[in-house]
Enquirer: 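Encoded as structure tokens, here's the structure I'll be asking about.
Lettering follows sequence order; numbering is per chain, from 1.
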2 protein chains.
Amino acid sequence: MTRRNPAKSAPAKPASTRPAVRKRAAAQPATRAQTVYAAIKDDIADFRLLPGDRFTETELADRLGVSRTPVREALYQLQREGFLSVQFRSGWSVNPYDFDRFENLYDLRQLLELEAVRRLCDRKESLEALDVLEAYWLLPEAERDNDGRSVARQDEAFHLSLVEAAGNPEMARVHADVTERIRIVRRLDFTQQERIDTTYAEHAEILKAIRRRRSERATSLLAAHIEASRAEVRKITLHKLFEARRGSWG
Amino acid sequence: MTRRNPAKSAPAKPASTRPAVRKRAAAQPATRAQTVYAAIKDDIADFRLLPGDRFTETELADRLGVSRTPVREALYQLQREGFLSVQFRSGWSVNPYDFDRFENLYDLRQLLELEAVRRLCDRKESLEALDVLEAYWLLPEAERDNDGRSVARQDEAFHLSLVEAAGNPEMARVHADVTERIRIVRRLDFTQQERIDTTYAEHAEILKAIRRRRSERATSLLAAHIEASRAEVRKITLHKLFEARRGSWG
DNA sequence: GTACGCCGTCTTGTATGCAAGATACGCAAA
DNA sequence: TTTGCGTATCTTGCATACAAGACGGCGTAC
């Protein structure tokens, strides 16, 4: 039954010829567990599930029209990611927003992004990855996107793209993970038009600095940009989260 | 059959007003799933499960004396962590060692540790966290630990402790995760006495530099230390992994 | 009115049953 | 010998059954 190990004599690299390890994303029919996982995560991100909310596996299974098995798989995943907690024989609950943790995640995010930008500026080859970013962020004011929701998505993509372009997939994976965790508070930064404008301006400057390989300038701009966002989020968080909580029960 | 009466439907919403019971049981009951998870992870770390090995859920469940349910839970977790892959209706397999990924993980590790040391040196308060590290790594040569296995464990603890002491639990969590992933190759660095001696010497120097708040020195020492380890691992990996593979088939 | 204890219901953790389909193997044909 | 095909077996994903124990509500004592 156990298949022989291929290439006993050369266990090293044959993997690179066959990317079977990589998830076959396209053809995969998306299991029920994955669907449930995404559904719950969205419920949390969109304030339909709020900190302190309690629920049971059966409840969720009934609501989503599946059995407890895929529900449990999704729940355990979210538990491991820090969104949920399970009480033995006593149901699940949504974890409270932990502002200390948001701070720490912002720190981590900043560390990763600054390193990424440093590497981009030091890189010899051309930076094609920036093209698509410039196409969005260097638009004249009239053509800009003004929908906060949409800008928030693009903002996430901007920062993640920088890290991905730096060429270390592990750093990018961690960065993506951090992004998921801070999404709830970070999105609140894009509820004011003035902040959206500022974001456009700062992203543009950062992109230009990277293009010119001005490492020092790019990193200090990016650091300031992230700090500004963090300060803004810190300021409006409690109030806005409360509003969101009320509004979501309509 | 109809033991449950869904029509009764206890008031669902009041649950959200009820404060989540954050009762932390003193000792986690350690579910079967967690046991299985640890067992498989150890099997991989100790070369009892090798890249390319294939197995089924039933096989594992029988061997470990549990049902498929906890086994599946553990397997899916290891899948998400990158250790295993599942082929739809065709069994599980251990992922190949990906040396590019090890390189990227070493990069990430270095980034985290250098930042941690920088923060430690900049910190105003005393650094009690270093006491326990010094107790192990500043020993005179005669009293040192010479068991590679044990030193490898202590080495992991050393580096993780530095990051933990820096005070950002999220960075520490990522670092711990990285540590788990590179363990397989990293341990091979401690199979030679000379490398163990070097590790003692370099850890001692790093600790002293941090004590003296010599940030520049501490970070460059640490960077060199990690680089040396990485180079060593890079050199002996293929050979040693092959040996380990053969040896484990006894 | 208040405190306390018992009991039934509910909840998770685990085991088992079932279905669709992927894989392997034997056998026949060239 | 090699190739192709049909089938039996195996495997995962999902649904369901079961067990130990946590929680809440009710009744009782005062």
Side-chain angles (χ1 to χ4, degrees), chain A residues 1-4 6 20 23-24 27-40 53-80 84-94, chain B residues 1-40 53-80 84-94:
Chain A
M1 307 311 175
T2 317
R3 208 179 273 165
R4 278 172 72 86
K23 212 179 286 184
R24 301 169 289 177
Q28 217 66 338
T31 66
R32 281 168 174 72
Q34 291 168 324
T35 308
V36 172
Y37 172 85
I40 304 173
D53 278 0
R54 303 188 66 174
F55 58 89
T56 72
E57 297 173 1
T58 311
E59 226 172 281
L60 255 164
D62 290 347
R63 180 155 73 79
L64 299 175
V66 298
S67 80
R68 276 181 58 216
T69 305
V71 167
R72 280 173 57 78
E73 195 181 313
L75 289 177
Y76 277 112
Q77 180 68 43
L78 289 159
Q79 176 196 30
R80 190 157 189 292
L84 304 176
S85 288
V86 58
Q87 287 82 38
F88 188 52
R89 278 167 194 155
S90 178
W92 290 78
S93 60
V94 181
Chain B
M1 286 307 188
T2 346
R3 211 181 192 176
R4 245 188 344 222
N5 191 354
K8 190 187 175 191
S9 171
K13 266 312 162 206
S16 61
T17 64
R18 198 171 57 217
V21 182
R22 302 281 289 163
K23 183 165 64 177
R24 276 279 147 241
Q28 305 275 11
T31 66
R32 281 167 173 73
Q34 292 168 322
T35 308
V36 172
Y37 172 83
I40 303 173
D53 279 359
R54 304 190 64 173
F55 58 89
T56 72
E57 297 172 0
T58 311
E59 225 173 281
L60 216 59
D62 290 348
R63 179 155 73 78
L64 298 175
V66 299
S67 79
R68 277 180 57 216
T69 304
V71 167
R72 281 172 56 79
E73 195 180 312
L75 289 178
Y76 276 113
Q77 183 159 336
L78 288 160
Q79 176 197 30
R80 189 142 201 305
L84 304 176
S85 288
V86 58
Q87 288 80 37
F88 189 50
R89 279 168 192 155
S90 177
W92 291 77
S93 59
V94 181

Enquirer: In whole angstrom, what separates B/Gln87's CD from C/dT23's P?
Expert: 9 Å

Enquirer: With A/Thr35, which residues qualify under side-chain contact (heavy atoms from CB on, under 4.5 Å), at least two apart?
Expert: none

Enquirer: Please name all residues satisfying ring pair (Phe, Tyr, Trp, His ring centres under 6.0 Å) with B/Tyr37, sequence neighbours left out, ordered by chain then number.
Expert: none

Enquirer: Looking at OG of A/Ser85 and CG of A/Leu78, how far apart are the two atoms once the value is rounded to the nearest 0.5 Å?
Expert: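 That separation rounds to 11.0 Å.
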
Enquirer: Kindly indicate whether the side chain of A/Phe88, heavy atoms from C-beta on, has any atom under 4.5 Å from the side chain of B/Thr31.
Expert: no

Enquirer: If I take atom CG in residue A/Asp62 and atom P in nucleotide C/dT12, what distance separates them, rounded to the nearest angstrom?
Expert: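 The distance from CG of A/Asp62 to P of C/dT12 comes to 12 Å, rounded to the nearest Å.
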
Enquirer: Determine whether the side chains of A/Arg54 and A/Ser90 contain a donor N or O and an acceptor N or O closer than 3.5 Å.
Expert: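 Side chains of A/Arg54 and A/Ser90: pair found under 3.5 Å.
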
Enquirer: Distance check needed: C/dT11 C1' versus A/Arg54 CZ, whole Å only.
Expert: 10 Å

Enquirer: Quick one: B/Leu60 CG to D/dT11 C1', roughly how many Å, whole number?
Expert: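 For the pair B/Leu60 CG and D/dT11 C1', the rounded distance is 14 Å.
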
Enquirer: Partners of A/Arg80 by salt bridge (Lys or Arg N to Asp or Glu O under 4.0 Å), sequence neighbours excluded?
Expert: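 Listed in chain order: B/Glu81.
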
Enquirer: Over all heavy atoms of both residues, which pair between B/Trp92 and B/Gln79 is shortest? Give the atoms and the distance, please.
Expert: CZ3-CB, 3.9 Å

Enquirer: For the helix from C/dG1-D/dC30 to C/dA30-D/dT1, what angle lies between the axis at the first five pairs and the axis at the last five pairs, to 10 degrees?
Expert: 10°

Enquirer: Rounding to an integer number of Å, can you tell me how far B/Phe55 CZ sits from D/dT12 C1'?
Expert: 13 Å

Enquirer: So how far is it from A/Ile40 CD1 to A/Arg63 CZ, rounded to the nearest 0.5 Å?
Expert: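 Between A/Ile40 CD1 and A/Arg63 CZ, I get 8.0 Å after rounding to 0.5 Å.
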
Enquirer: Do any side-chain atoms of residues 69-76 of chain A form donor-acceptor pairs under 3.5 angstrom with protein atoms, and if so which ones, sequence neighbours left out?
Expert:
residue	atom	partner	partner atom	Å
A/Arg72	NH1	A/Glu57	OE1	3.4
A/Arg72	NH1	A/Glu57	OE2	2.9

Enquirer: How long is the line joining CG of A/Leu84 and C1' of C/dT12, in whole Å?
Expert: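 The distance from CG of A/Leu84 to C1' of C/dT12 comes to 15 Å, rounded to the nearest Å.
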
Enquirer: For B/Arg89 and for A/Arg89, locate the closest nucleotide of DNA chain C by heavy-atom distance; then report the residue assigned to the nucleotide nearer the 5' terminus.
Expert: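 Final value for this comparison: A/Arg89.
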
Enquirer: From CD of A/Glu57 over to P of D/dT16, roughly how many Å is that when rounded to an integer?
Expert: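 Between P of D/dT16 and CD of A/Glu57: 15 Å.
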
Enquirer: Whole angstrom is fine here: how far is it from CZ in B/Phe88 over to P in D/dC14?
Expert: 8 Å

Enquirer: Under 3.5 Å between N/O atoms: give me all the protein pairs with nucleotides 14-16 of chain C, atom names plus distance.
Expert:
residue	atom	partner	partner atom	Å
C/dT14	OP1	B/Arg32	N	2.6
C/dA15	OP1	B/Arg32	NE	3.4
C/dA15	OP2	B/Ser67	N	2.8
C/dA15	OP2	B/Ser67	OG	2.5
C/dA15	O5'	B/Ser67	OG	3.3
C/dA15	N7	B/Thr69	OG1	2.6
C/dT16	O4	B/Thr69	OG1	3.4

